[in-house]
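Accompanying notes for the structure given below.
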Amino acid sequence: MIDTKLLRQEQAIKAKQIILTDNFVIPNLIAGADVGFEEKGSVTRAAMVVMRWPSLAIVEYHIARIPTEFPYIPGLLSFREYPALLAVWEKLQHKPDLIMVDGQGIAHPRRFGVASHLALLLDIPTIGIAKKRLCGHHEALDETVESCQPLNDNNEQIGWVFRSKKRCKPLYISPGHKISLDTSLLWVKRCIKGYRLPEPTRWADGIASNRAFFNRMKQNLA
DNA sequence: GCGACAG
DNA sequence: ATCTTGTCGC
């Protein structure tokens with residue numbers, strides 16, 4: 001069986017290596033990463049899209065499918081998703097300077113969400129962009145677009161709750177590694193183009209889910 | 001003991 | 001995450 005106790009200790013130890021200062025100024029390439037499951041969860045599918053900044057034109061995208069070997073356990077999500085993420089990463093011909101990951105960065109009980117774990121494995125700056133809260137608390141947000149509140153946990157800020165679009169649930173943004181809280185929010189804002197999700201994550205999600213709209217767009221770019 | 005709980 | 005059509009609201 002899985003030794004959750006040991007894995008949590010591992011997270012706490014690796015979290016000490018996380019750097020929350022900026023390691024870059026302006027990225028040339030920004031990637032979006034998303035993970036999903038198929039065949040009733042037996043197959044893990046990861047997608048990555050690399051976009052050029054500031055045009056946000058798609059440079060390349062890939063999908064990797066591997067057998068799932070770890071269950072979903074709140075707080076231990078990265079152990080379930082990182083193998084597939086490393087698999088897609090290998091397919092990239094252009095390595096990005098920054099990756100926006102679907103999930104939490106340091107907004108995690110032990111400050112080690114999937115975005116942080118991936119960043120440490122790849123040694124690339126990442127930002128965690130989650131659609132739901134895992135931990136932490138915050139003041140209520142107004143309905144206004146751009147409305148933002150710090151996400152705190154145990155007297156420390158671990159991220160931001162940001163309303164990227166009107167009448168939409170807010171995003172939970174937190175640095176993964178090698179980027180600060182402020183810069184994380186800044187780049188997410190810069191990549192919001194009228195939709196709830198920032199372009200990198202939005203495209204990674206769309207390409208992975210194989211939706212009609214995205215398939216048409218891919219053809220237009222081919 | 002009772003909730004909360006990324007994807 | 002995933003299973004799934006139409007439908008209510010701006």
Side-chain angles (χ1 to χ4, degrees), chain A residues 2 4-5 7-8 10-12 14-15 18 32-48 63-88 99-121 126-138 142-145 147 151-154 158-177 184 188 194-198 200-213:
Chain A
I2 301 168
T4 56
K5 174 80 165 59
L7 293 177
R8 291 196 181 90
E10 182 185 329
Q11 293 183 315
K14 289 185 175 176
I18 295 301
D34 180 60
V35 177
F37 299 88
E38 305 176 345
E39 303 303 309
K40 293 188 297 183
S42 61
V43 173
T44 302
R45 171 242 300 142
M48 273 201 182
I63 292 179
R65 281 174 237 263
I66 64 174
T68 303
E69 30 74 69
F70 197 92
Y72 169 63
I73 300 175
L76 297 181
L77 180 69
S78 67
F79 292 103
R80 176 175 167 80
E81 307 193 330
Y82 85 72
L85 286 168
L86 292 183
V88 236
I99 307 174
M100 305 214 330
V101 183
D102 190 322
Q104 313 288 355
I106 62 169
H108 175 282
R110 288 163 295 285
R111 312 293 181 259
F112 204 66
V114 62
S116 297
H117 199 158
L118 181 67
L120 226 48
L121 293 171
T126 66
I127 297 174
I129 300 165
K131 297 181 290 298
K132 292 180 181 177
R133 183 189 66 86
L134 207 212
C135 68
H137 301 82
H138 62 86
D142 13 294
E143 301 306 313
T144 317
V145 193
S147 166
L151 178 61
N152 308 300
D153 190 37
N154 293 322
I158 57 176
W160 303 95
V161 185
F162 175 65
R163 174 153 279 129
S164 55
K165 191 179 192 298
K166 275 187 178 179
R167 296 174 232 87
C168 281
K169 300 274 67 182
L171 257 28
Y172 294 79
I173 303 163
S174 60
H177 178 45
S184 296
V188 169
Y195 296 88
R196 179 160 86 124
L197 299 176
T201 287
R202 187 174 81 86
W203 280 94
D205 180 72
I207 288 170
S209 61
N210 208 38
R211 285 177 293 174
F213 173 73

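A distance of 11.5 Å separates OG of A:S116 from CD1 of A:I127, quoted to the nearest 0.5 Å. With rounding to the nearest 0.5 Å, the separation of OG in A:S174 from CG in A:D153 is 11.5 Å. To the nearest 0.5 Å, atoms CG (A:L118) and OG1 (A:T126) are separated by 6.5 Å.
Residue contacts shown for A:G41 are absent, as no nucleic acid heavy atom lies under 4.0 Å away. As judged by a 4.0 angstrom heavy-atom cut-off over every strand, A:Y72 is placed among the base-contacting residues. Note on A:L171: nothing from the nucleic acid sits closer than 4.0 angstrom, heavy atoms only. Within the 4.0 angstrom heavy-atom criterion, only backbone atoms of the sugar-phosphate kind lie near A:K131; the bases stay farther away.
One interatomic measurement links the two molecules: CG of A:D34 to P of C:dA1, which rounds to 8 Å at whole-angstrom precision. As rounded to whole Å, 16 Å separates atom C1' of C:dA1 from atom CD1 of A:I63. For the pair A:D102 CG and C:dA1 C1', the computed distance is 10 Å after rounding to whole Å.
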Bracket string, DNA chain C, 5' to 3' - pairs by Watson-Crick or G-U geometry under 3.5 Å, | interstrand: ..........
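The aromatic rings of A:H117 and A:F79 sit perpendicular, their planes meeting at an angle over 60°, well past the 30° parallel limit.
The main-chain N or O of A:I63 is never found under 3.5 Å from a side-chain atom of A:R45 such that the two would form a donor-acceptor pair. For A:R196 (side chain) and A:K169 (main-chain N/O), a donor-acceptor pair under 3.5 Å exists by modelled atom type. One N or O on the side chain of A:Q11 and one on the backbone of A:G75 form a donor-acceptor pair closer than 3.5 Å. A donor-acceptor distance shorter than 3.5 angstrom exists from the side chain of A:T68 to the backbone of A:T44, with no hydrogens or angles considered. Within the 3.5 Å criterion, the main-chain N or O of A:K132 finds a donor-acceptor partner in the side chain of A:Q104.
The one candidate from A:V35, A:L76, A:L85 that meets the side-chain contact (heavy atoms from CB on, under 4.5 Å) condition with A:V114 is A:L85.
Counting only Watson-Crick and G-U wobble pairs whose two key distances fall under 3.5 Å, DNA chain B forms no stem of three or more pairs.
With sequence neighbours excluded, the residues satisfying side chain to side chain contact (heavy atoms under 4.5 Å, CB included) with A:L197 are A:K131, A:L171, A:T201, A:R202.
Contacts between chain A and DNA chain B, taken as any atom within less than 4.0 angstrom of a protein heavy atom, begin and end at B:dA4 to B:dG7.
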Please write out the pairs of protein N or O atoms and N or O atoms of nucleotides 8-10 of chain C separated by less than 3.5 Å, giving the distance to one decimal.
from   : atom 1 : to     : atom 2 : distance (Å)
C:dC10 : O3'    : A:R167 : NH2    : 2.7

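Near DNA chain B, defined here as any heavy-atom distance below 4.0 Å, the residues from residues 103-113 of chain A are A:Q104, A:H108, A:G113, listed numerically.
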